[in-house]
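A short worksheet on the structure shown next.
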There are 2 protein chains.
Amino acid sequence: MVKILAQTTADKVFQKLRHTIVEGEIPAGSKLNEVELATRFMVSRAVIREAISRLEALRLIERTPNVGARVVPLSLPRLAELYEIRETLEGMAARLAALYMDAHEIQSLKKLLSQHALQIGNGAKYYQEDGDVDFHYRILQGSKNKLLIDLLMDGIYHITRMYRVQLGMAGPRVTTAFNEHLRIVEAIESHDTELAEILMRRHIAFTRKEIENKLKETK
Amino acid sequence: MVKILAQTTADKVFQKLRHTIVEGEIPAGSKLNEVELATRFMVSRAVIREAISRLEALRLIERTPNVGARVVPLSLPRLAELYEIRETLEGMAARLAALYMDAHEIQSLKKLLSQHALQIGNGAKYYQEDGDVDFHYRILQGSKNKLLIDLLMDGIYHITRMYRVQLGMAGPRVTTAFNEHLRIVEAIESHDTELAEILMRRHIAFTRKEIENKLKETK
DNA sequence: AATCGCTGTATTGTCGACAATTTAGTGTAC
DNA sequence: GTACACTAAATTGTCGACAATACAGCGATT
């Protein structure tokens, strides 16, 4: 029997609020008003505070005692720090994946890539968003390190997505990224840990540059 | 004018509670009772819940909806995952420190080490605890990456200390660790990023083995 | 005009009470 | 004896109200 995880109201509000923030409905840098949010989601302030507390854990918002919470601002230094970490952690994930992914997982990953290849052939823009997420997700799982998975999935990914969304980035770099993915999978398949790590780091570094440039020209 | 950060009651209770957990007064794996804690600290359940929420962010405790919070258990797989991450992040910190620490910081760091050398000469056990913390703290600061500093200081360090304390580890490996520290500083001083990273990773890997062995023989 | 201090308002922090859920215990059917 | 319902107690989740703090406006002083 699979235990269905109970879902408290605070849980749902937390997810909704995270979505509103990441998708930019509440823009980066803006202040959060507890009563306003409580009204908006039709819950008490207690659950709003609970949700805010969790968002703080994700580093999506920051709080100052007696003053309040605000959505983390978009800034170049922060982006740099974030991607410095992400590069390291995802590089680590790729290295571990090259070590621990079993034949079945690798096969499934290759299948995913060939689907992406097809979509690109049809000129779909679908790839960039979900496809990329899927790809990184698989490799992360392959690392078998729950803490690492958590750190990236529950923390860093949401913030990086916030940057992408609010900078209006969708679509570009599709084919290039695909080739990078391909190489990474090859490295993993041959259990070349060092190469997998290096290629992944480079892959992340590319998207970092991409976002940094966009952020520079926006400001 | 330096703004003194306001300190809410939840802040203080959070710190106290963290202390009681890390120092083992509330042992790893045990359940937390909100009303009991509220009575103990003489505050309302609201601030206890707030404190628990923050401890969850630090990954010192885990919560299950409608069931409650319990202190993270000590286990070999968790320890392995934790140190896998720590090795990577501290290696990264050392690499960045070799890149960014200025002459003054390096000088100060060397001074710290020579103080440690003196203490060891006098046969002090003082070194292992605070000295080691100081050392890693300095290098972390040298990385200039606030997010990285946060991840380690506010998250990982507390958990690793919990392991050490509750496994009754104090004192050993003093002189060895000192020599490792010495080599790392040398690498940083000569701005040898790769060497600094490798030596730091190895240093962390040693202490990992140490704790793992202790944990194995304890269980 | 700028700064200081006062006052009222808005916002966050804390509390106690109630609701919802889980847990423990007891009895019953098989 | 085991599994299953059922009830009572304990525990967590949510709420509204009050307390403490920060903020905005305004007048007085220089």
Side-chain angles (χ1 to χ4, degrees), chain A residues 1-21 25-73, chain B residues 1-21 25-73:
Chain A
M1 165 207 177
V2 178
K3 177 77 169 268
I4 303 294
L5 221 6
Q7 182 112 337
T8 170
T9 346
D11 273 313
K12 298 176 208 153
V13 171
F14 159 65
Q15 290 175 7
K16 279 191 209 164
L17 188 52
R18 186 183 62 196
H19 187 266
T20 15
I21 289 174
E25 194 174 331
I26 299 177
S30 57
K31 189 163 183 309
L32 299 180
N33 184 309
E34 293 182 2
V35 299
E36 181 190 322
L37 290 174
T39 314
R40 175 171 182 169
F41 291 106
M42 294 186 298
V43 292
S44 80
R45 268 182 61 220
V47 338
I48 293 293
R49 285 174 68 83
E50 167 87 24
I52 286 180
S53 199
R54 296 199 208 171
L55 289 171
E56 190 184 13
L58 302 193
R59 294 162 207 283
L60 267 176
I61 72 153
E62 291 174 346
R63 281 205 300 182
T64 323
N66 293 317
V67 173
R70 63 175 53 247
V71 180
V72 167
Chain B
M1 165 206 177
V2 179
K3 177 77 170 270
I4 302 293
L5 236 328
Q7 183 112 339
T8 169
T9 19
D11 273 313
K12 298 176 208 156
V13 171
F14 159 66
Q15 291 176 6
K16 279 191 209 166
L17 189 52
R18 185 183 62 194
H19 187 266
T20 54
I21 289 174
E25 194 174 332
I26 298 177
S30 56
K31 187 160 183 312
L32 298 181
N33 184 307
E34 293 181 2
V35 298
E36 182 191 320
L37 290 174
T39 313
R40 176 171 180 170
F41 290 106
M42 296 186 296
V43 292
S44 79
R45 269 182 60 222
V47 339
I48 293 294
R49 286 176 67 84
E50 166 87 25
I52 286 180
S53 200
R54 297 201 207 169
L55 289 172
E56 190 183 14
L58 302 193
R59 293 162 208 282
L60 267 176
I61 74 154
E62 290 174 347
R63 281 205 300 181
T64 321
N66 293 316
V67 173
R70 64 174 55 248
V71 180
V72 167

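The shown structure was predicted, so the numbers you read here are calculated from the model rather than taken from an experiment. Only heavy atoms go into these numbers, but all of them, side chains included; no hydrogens, no water, no symmetry mates. In what follows, every chain begins at residue 1, and chains take the letters A, B, ... in the order their sequences are listed.
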Chi angles and distances behind the side-chain contact (heavy atoms from CB on, under 4.5 Å) call for A/K12, A/V43: CA-CA 11 Å; A/K12 298 176 208 153; A/V43 292; over 6 Å; no
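- Whole-Å rounding puts the A/Q7 CD to D/dG13 C1' distance at 14 Å.
- Atom-to-atom, CG of B/N66 to C1' of C/dT21 comes out at 5 Å; the value is rounded to the nearest Å.
- With B/R70 contributing its side chain and B/G29 its backbone, the two residues share a donor-acceptor pair below 3.5 Å.
- OP1 and OP2 of D/dT12 both lie 4.0 Å or more from every side-chain N or O belonging to A/T8.
- Taking atom CD on A/E56 and atom P on C/dT12, their separation rounds to 14 Å, with Å as the unit.
- Between the CD1 atom of B/I48 and the P atom of C/dC15 there is a distance of 9 Å, rounded to whole Å.
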B/L17 and B/R54: CA distance, side-chain angles, deciding distance, side-chain contact (heavy atoms from CB on, under 4.5 Å) verdict: CA-CA 10 Å; B/L17 189 52; B/R54 297 201 207 169; over 6 Å; no
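- Distances from the side chain of B/V43 to the nucleotides C/dT21, D/dA22, C/dC15 place C/dC15 closest.
- One interatomic measurement links the two molecules: CD of A/E50 to C1' of D/dC15, which rounds to 14 Å at whole-angstrom precision.
- Going from atom CZ of B/R70 over to atom P of D/dT11 covers 13 Å, rounded to whole Å.
- Checking the phosphate oxygens (OP1, OP2) of D/dT14, no side-chain nitrogen or oxygen of A/S44 falls inside 4.0 Å.
- Near DNA chain D, meaning a heavy atom under 4.0 Å away, there are no residues from residues 26-39 of chain A.
- The two atoms that bring A/L58 and A/R18 nearest to each other are CD1-CD, 3.9 Å, heavy atoms only.
- The two atoms that bring B/P65 and A/D11 nearest to each other are CG-OD2, 4.1 Å, heavy atoms only.
- Per the geometry, CE belonging to A/M42 stands 15 Å off C1' belonging to D/dC15, to the nearest Å.
- If B/V67 and A/V47 are placed on DNA chain D by their nearest nucleotide, the residue sitting closer to the 5' end is B/V67.
- Distance B/R49 CZ to D/dG13 C1': 6 Å, rounded to the nearest Å.
- Between A/I48 and A/V13 the shortest side-chain heavy-atom distance falls below 4.5 Å.
- With rounding to the nearest 0.5 angstrom, the CG atom of B/L37 is 12.0 Å from the CZ atom of B/R49.
- Comparing C/dT12, D/dA22, D/dG13 against the side chain of A/R45 picks out C/dT12 as the nearest.
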